[in-house]
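Contents: one structure, followed by commentary.
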Amino acid sequence: MKYISCLQVAALLWSANTAVAQNGPLPYLRVPDQRQLDWQRQELYAFLHFGPNTFTGEEWGRSQSLPDIFNPTTLDTDQWAKTLADAGMEGMILTAKHHDGMCLWNTSTTTYKVANSAWAKGRVGLDADIVRMAAGSAKKYGMKFGVYLSPWDIHRDPAMPKPGLQGTIYDEPQIFGDSSPGDYNTLYTQQLTELVTMQLADGTPIDLFEVWLDGASGSDTVQTFNWTGFREVIRAHQPSAVMWGHQGPDARWVGNEDGFTVPTNWNTISRTQDDAHYSGEELERGVRDGLYWTPAESDARIRDGWFYHADEPSKSGTALMDMYLKTVGRGVNLLLDVPPDTRGLIADVDAANLMEFARLRKATLSRNLVTPDLKTSSSSVRAGDSDEYGPGKVIDGREDTYWTMDDDKLTGWVEMELDNVYPVDGFIVQEHIALGQRIGGYGIDAMANGDTEYRVLVNGTSMGYKRIDLLETAVETSRIRLRVTQANAVPLIQGVQVLGSRR
Ligand SMILES: *[C@@H]1O[C@H](CO)[C@@H](O)[C@H](O)[C@H]1NC(C)=O
Ligand SMILES: *[C@@H]1O[C@H](CO)[C@@H](O)[C@H](O)[C@H]1NC(C)=O
Ligand SMILES: *[C@@H]1O[C@H](CO)[C@@H](O)[C@H](O)[C@H]1NC(C)=O
């Protein structure tokens, strides 16, 4: 082609313009990695604290017991995974080693492991590696699997005398601490390496979805950990695993262990795991427009302690539901501790409460009145392109589509017409966080049956991955409106569910 006609130039310019106008919104400041996004969608999973403390009644055992203390009478890791899967949990994280240092897998780094117990020796022809067994059971029941490996190790800490181990093969070098001879970082790195490269009995690799790097220490011994090295080992072998720590790097502590966070919650913070620690309140809230995408995880318990103690009550389904609404309902993952008992089973009462919790979630939240064919409208649509960005995208049930507007619009609304008048008593709204967290204020309104004006039902602040708002009393309505009242960049609404009863 030698020349381009004016008409062709105009057509080219026109299509170039359209292409620009139809471009999707750019990421806003920090955005999640794919692993963080996948993890966020897990929402609810279990913590399994199991080890010598289960049998001594302690929470922080002081490495005084011989491995024979570990003696579950009817251990069945399948029962753990099946119980948790039946209760709608997405994964489980096991304490491969708690502060007492006794390893639940058959490690080559220490003699202090359950593999040296009479229990393990009695399992002739059967597996005695609890981590491998639990990982196999998780896989069998479609659950994700993760590990907790305590950095603080009393078994190696000279500040913690261990008279009970003296003169046994378990009396090992006290290498924990910068001023102790030997390098604890090398030992910890070896333990971590064994865990992140572990295979199931049939040789298939074990995929970890989370590695829990606890910051707790109850000793004055100063040990400088090689965190950079630990993280490299995890990333190299388990690139999909989210690393949990006080301030990340991938997921942060929510600032308390009671199963709640404050109503306003940001997925970003402005300190790394290696910086000075935020207070609990700062961790609960996070930092708007912070420097790092480090969403919160709430670690909470079904009982009072982390380990099983027979005399402790188990929380009811209603109490667990309340926790869920104040964590998952505020965009924070819930890691609920369900400790196996001295039989090596999840206690019947805990299992029953988990099932009631699951029933309540379903009864409350699986009542979406919105179907993809409903009529929707909005204050505006990005580039007028309803196929890409229209209000219908909030009800299509997809995670990769959203309603949005032109970049200069920071507030706006989307409205939907239900196929009938229903008693509406709750909402689930989701921001498309794959492109960052933008929204700092939203409202949900209904035009009640017979009314001609909207009435405000919900005033929210940060939206984020998911918000669940339940009403005290149901409203008879067929028209719902979501308003974005504050955003720092054009808001992207991924989903709106309207909860209520179909008669
Ligand atoms: C632990 O591993 C060692 C070395 O491979 C092996 O000899 C031993 O039988 C294993 N113990 C258990 C309980 O599986
Ligand atoms: C930390 O661990 C990494 C990886 O194991 C290693 O290369 C590095 O030398 C260690 N750093 C220190 C200060 O020991
Ligand atoms: C929401 O905020 C508005 C304006 O501040 C107020 O009038 C209304 O009562 C609030 N509604 C609810 C349900 O909190």
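Just so you know, ligand 1 is whichever comes first in the structure, and atom 1 is the first atom listed for that ligand. For reference, positions follow the sequence shown, starting with 1. In what follows, every heavy atom counts, from backbone to side chain, and hydrogens, waters and symmetry copies are set aside. Just so it is clear, the structure is predicted and the values come from calculations on it, not from any experiment.
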Which atoms of ligand 1 have any heavy atom of Ala115 under 4.0 Å away? 13 (C)
Among all protein heavy atoms, pick out the one at the shortest distance from atom 14 (O) of ligand 1; state its residue, atom name and that distance to 0.1 Å. Asn106 ND2, 3.4 Å
With a 4.0 Å cut-off, strictly under, does atom 9 (O) of ligand 2 pick up any protein heavy atom? no
With atoms numbered from 1 as shown, which atoms in ligand 1 lie under 4.0 angstrom from a non-hydrogen atom of Ala128? 13 (C)
Any salt bridge between Arg343 and Asp348, counting N to O under 4.0 Å? yes
Without swapping roles, check the side chain of Arg156 against the backbone of Pro173 for a donor-acceptor pair under 3.5 Å. yes
Given the rule in the side-chain hydrogen bond (donor to acceptor under 3.5 Å, both in side chains) test, do Gln273 and His246 qualify, once you have shown the distances and angles that lead to the verdict? CA-CA 6 Å; Gln273 173 69 354; His246 190 92; over 6 Å; no
Relative to atom 13 (C) of ligand 2, which among Asp183, Thr189, Asn226 owns the nearest non-hydrogen atom? Asn226
Applying the side chain to side chain contact (heavy atoms under 4.5 Å, CB included) test to Phe307, which of Glu58, Glu312, His98 qualifies? His98
May I ask you to check whether Lys113 has an N/O atom sitting below 3.5 Å from an N/O atom of ligand 1? no
Is Arg132 paired with Asp127 through a side-chain N to carboxylate O contact shorter than 4.0 Å? yes
Of Glu43, Glu431, Gln40, which meets side chain to side chain donor-acceptor pair (under 3.5 Å) against Lys466? Glu43
Identify the closest protein heavy atom to atom 7 (O) of ligand 2: which residue and atom is it, and at what distance? Glu232 OE1, 4.9 Å
Looking only at protein heavy atoms, identify the closest one to atom 4 (C) of ligand 2 and say how far it is in Å. Gly229 CA, 3.8 Å
